[in-house]
There are 2 protein chains.
Amino acid sequence: MPETQRRPESRYGNRPTMKDVAARAGVGLKTVSRVVNGEPGVTPETERRVQEAIDALGFRRNDSARVLRKGSTASIGLVLEDLADPFYGPLSRAVEEVARAHGALLINGSSAEDPDREQELALALCARRVDGLVVIPAGDDHRYLEPEIKAGVATVFVDRPAGQIDADCVLSDNFGGAREGVTHLVSHGHRRIGFIGDMPRIHTAAERLRGYRAAMEDAGIPVEDAWMSLGATDPLRVRRAAEEMLSGPAPVTAIFSGNNRVTVTVIRVLAERARPVALVAFDDLELADLLQPGVTVVAQDAAALGRTAAERLFGQLDGTLITPERIELPTRLVTRGSGELPPAD
Amino acid sequence: MPETQRRPESRYGNRPTMKDVAARAGVGLKTVSRVVNGEPGVTPETERRVQEAIDALGFRRNDSARVLRKGSTASIGLVLEDLADPFYGPLSRAVEEVARAHGALLINGSSAEDPDREQELALALCARRVDGLVVIPAGDDHRYLEPEIKAGVATVFVDRPAGQIDADCVLSDNFGGAREGVTHLVSHGHRRIGFIGDMPRIHTAAERLRGYRAAMEDAGIPVEDAWMSLGATDPLRVRRAAEEMLSGPAPVTAIFSGNNRVTVTVIRVLAERARPVALVAFDDLELADLLQPGVTVVAQDAAALGRTAAERLFGQLDGTLITPERIELPTRLVTRGSGELPPAD
DNA sequence: CCCGCACTTGACAACGTTGTCCAGGCTCTA
DNA sequence: TAGAGCCTGGACAACGTTGTCAAGTGCGGG
């Protein structure tokens, strides 16, 4: 009997298969499959023999083969922006919990804010035939996912909407939250209010800026360019921006900070100043209540974002949810002191 | 031609396969495979035709089938304790970076501190034939992984050692770090020093406790039972423990906090007190430097833990690293004020 | 003009699992 | 005791891919 094929190079020391188990137990292949999957139609005695062989050989079912045969992987993919960002921890955790409740595994990776990497990652997950995809977009063109979606991969976008395609997305009410936060400052007497945010090409940043403008307009305050910083969020630039708007003849008396990375730097700058400056920040921070003064924030519910997205995903898979929707979750203003400081004019 | 088999139930709307692409392009199956994998030996003209068919059909290679055939999945599994814990964000991120550099995907899940769930998750990952496993142990018996390791699954434990088996592990120097932190308090004049930590069945907690005891012994201070709390770390219990050791005729003048969850509560309790109490905490906190006073901590390098573990994992896979080793990474004492307060006797 | 060579291409088996279907043995009833 | 029906177990194909191998093509040199 000539060996026409060599076993391919494998990192595994040739693990036992069902065939091996069957041979050892002296039963047929399918009987082993039945035992492994707890299917009925096997006498206790046979089952015992099979189980013994399984234990003796250290057999474990090869899910790749199973997936190939069955067509469904019972796993979903999560593409997030940065695993190390504390905002995404609870979100990711919530997605995992829902997946687990549906018997699915979670595969995830970070795009590091790089659209190419997002695409590469999302498509790699599709190649693994995940049942669905939760994506926190880094890029703004997601047409590359169209064939996948058409082929049946459930897809939900979180935190930022999908670009160029019609898909489910779950967002925070960035506009409303920012508007509420800035209005809060106005109601405490502030008129010269600064805004430090991320680049407006990022949807959340643009929405928050829009909220800021709306609140100012509501209050009948014309916004001056010098009050806004919309660049990158590295500490150095944020610091410079904050210091600039706090100096000059008519400095701002309050700052609205557009995200948690910005906030950390702004707090540092404000801590160095003698004159108190009010602060409301988008995104909550751990220990924010222990600072002096406590930091008033517009808090998003990261866990709810993740949970809602994952549930919609499984809704799509069940066939219950068909029409793409855009869901906005409310934010919550948490007053802790920094946002209630009066203007120090 | 009788259909003897029905296609199995699939969530995918029957995606195109290489066979479909081949038919459309009018070439053989293997030629498609060659194009998809960038193998040589295809004329530009043929390649173009194939590529066109691929784009037209929205074909994407099925990696399950590929894995089945090739034997290696180019993915590694990470079992962590809680994705939402900020300590694990950077760790997980670092593992991902290394995996990415080796062209591997990361699949992860949380055990939620439940040993059964850890086992379930780790074995599920093995069933998917991950090439390797990075585990942050929840349980203390990992014999269940023996068949897997024997079968060639590279395995590295992080943060806590493996139980009952001989395996690679990468830890922080919990003992040394705690000893240094407590010694720091001693050197600032404290003698009655409290220790609030997690249950000693957790390795890190036990080691930190050992470090505390060693430092006290170094200083020739007999430890009193009332100074130690080794229970659960929920806020209520920690609060009660802290308040107890701060009251009575001879209250502690300093507290060493055993982990970041404990620390948060301890800071709250101390903030309510008039009399200043020194604090050194194991694990760094964001914004720790902005509190009044800044929190002196024994910092672990979570990213380095993850990076080292992942690199060892790939070392095992390369065949470079064979003998299991135990690696301890140093901690770093960061002084910020709270640990330098003198005893208020 | 034919042979050998390089190069391109495709047929086929195999990876490990599960769905289908049939065979054989058993029990139960008439 | 024969026939019907049930239950258990196994043979076999198929999932989509890749490795092997051989066939086909065209070209240049002897």
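All of these numbers come straight from a predicted model, not from anything done at the bench. A note on names: the letters A, B, ... follow the listed sequences, proteins ahead of strands, and every chain is numbered from 1.
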Original post:
Is the shortest side-chain N/O distance from B:Arg61 to OP1 or OP2 of D:dT18 below 4.0 Å?
Top reply: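 Answer yes for this pair, as a side-chain N or O of B:Arg61 is under 4.0 Å from OP1 or OP2.
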**OP:** Give a yes/no answer on whether the side chain of A:Ser33 brings an N or O atom under 4.0 Å of OP1 or OP2 in C:dT17.
**Re:**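 So the side chain of A:Ser33 is outside the cut-off, no N or O lying under 4.0 Å from OP1 or OP2 of C:dT17.
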**OP:** Assign a letter to each nucleotide of nucleotides 4-11 of chain C from its 5' end: B, base within under 4.0 Å of a protein heavy atom; S, sugar-phosphate only; -, no contact.
**Re:** ----SBBB
**OP:** Using a heavy-atom cut-off of under 4.0 Å over every strand shown, decide if B:Asn37 touches base, sugar-phosphate, or nothing.
**Re:**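 Sugar-phosphate contact only.
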Original post:
Counting only distance, no hydrogens or angles, is the base of C:dT18 paired donor-acceptor with the side chain of A:Arg69 under 3.5 Å?
Top reply: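 Such a pair is found, so the answer is yes.
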How many Å lie between [atom1] on [X] and [atom2] on [N], as a whole number?
X: A:Arg49; N: D:dT8; atom1: CZ; atom2: P; answer: 15 Å
X: A:Asn62; N: C:dC15; atom1: CG; atom2: C1'; answer: 9 Å
X: A:Arg15; N: C:dT17; atom1: CZ; atom2: C1'; answer: 15 Å
X: A:Asp63; N: C:dC15; atom1: CG; atom2: C1'; answer: 15 Å
X: B:Leu68; N: D:dC15; atom1: CG; atom2: P; answer: 14 Å
X: A:Glu39; N: D:dG10; atom1: CD; atom2: P; answer: 14 Å
X: B:Met18; N: D:dG16; atom1: CE; atom2: P; answer: 12 Å
X: A:Lys70; N: D:dA14; atom1: NZ; atom2: C1'; answer: 15 Å

Subject >> A:His142-A:Glu118 side chain donor-acceptor pair, cut-off 3.5 Å >> reply: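 Yes, because at least one side-chain N or O of A:His142 sits under 3.5 Å from a partner of the opposite role on A:Glu118.
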**OP:** Identify, with sequence neighbours excluded, every residue that meets ring-ring contact (aromatic ring centres under 6.0 Å, His included) alongside B:His102.
**Re:**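 For B:His102 the ring-ring contact (aromatic ring centres under 6.0 Å, His included) partners, ignoring immediate neighbours, are B:Phe314.
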Subject >> Sole candidate of B:Arg60, B:Gln51, B:Arg61 that passes side-chain contact (heavy atoms from CB on, under 4.5 Å) when paired with B:Val36 >> reply: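 It is B:Arg61, the one option of B:Arg60, B:Gln51, B:Arg61 that forms the side-chain contact (heavy atoms from CB on, under 4.5 Å) with B:Val36.
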Original post:
Would you say A:Glu120 and B:Arg100 make side-chain contact, with heavy atoms under 4.5 Å?
Top reply: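 Yes - at least one pair of side-chain heavy atoms lies under 4.5 Å apart.
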**OP:** Could you tell me whether the side chain of B:Arg15 reaches within less than 4.5 Å of the side chain of B:Asn62, counting heavy atoms only?
**Re:**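 No. Closest side-chain heavy atoms not under 4.5 Å.
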Original post:
Is there a donor-acceptor contact under 3.5 Å from the side chain of A:Asp82 to the main chain of A:Ala84?
Top reply: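 At least one qualifying donor-acceptor pair exists.
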Subject >> Reported CG-to-NE2 distance for the pair A:Leu171 and A:His203, which is rounded to 0.5 angstrom >> reply: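 Atom-to-atom, A:Leu171:CG and A:His203:NE2 are 6.0 Å apart.
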**OP:** First locate atom CD of B:Gln316, then atom CZ of B:Arg312, and finally report the distance between them rounded to the nearest 0.5 Å.
**Re:**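 One gets 7.0 Å once the value is rounded to the nearest 0.5 Å.
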**OP:** Would you mind reading off the bend of the helix from C:dC1-D:dG30 to C:dA30-D:dT1 from its two end axes, five pairs each, to 10 degrees?
**Re:**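 Computed from the C1' atoms at both ends, the axes differ by 60°.
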Subject >> B:Glu47 bridged to B:Arg34 by N-O distance under 4.0 Å >> reply: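 The answer is no: the pair does not qualify as a salt bridge.
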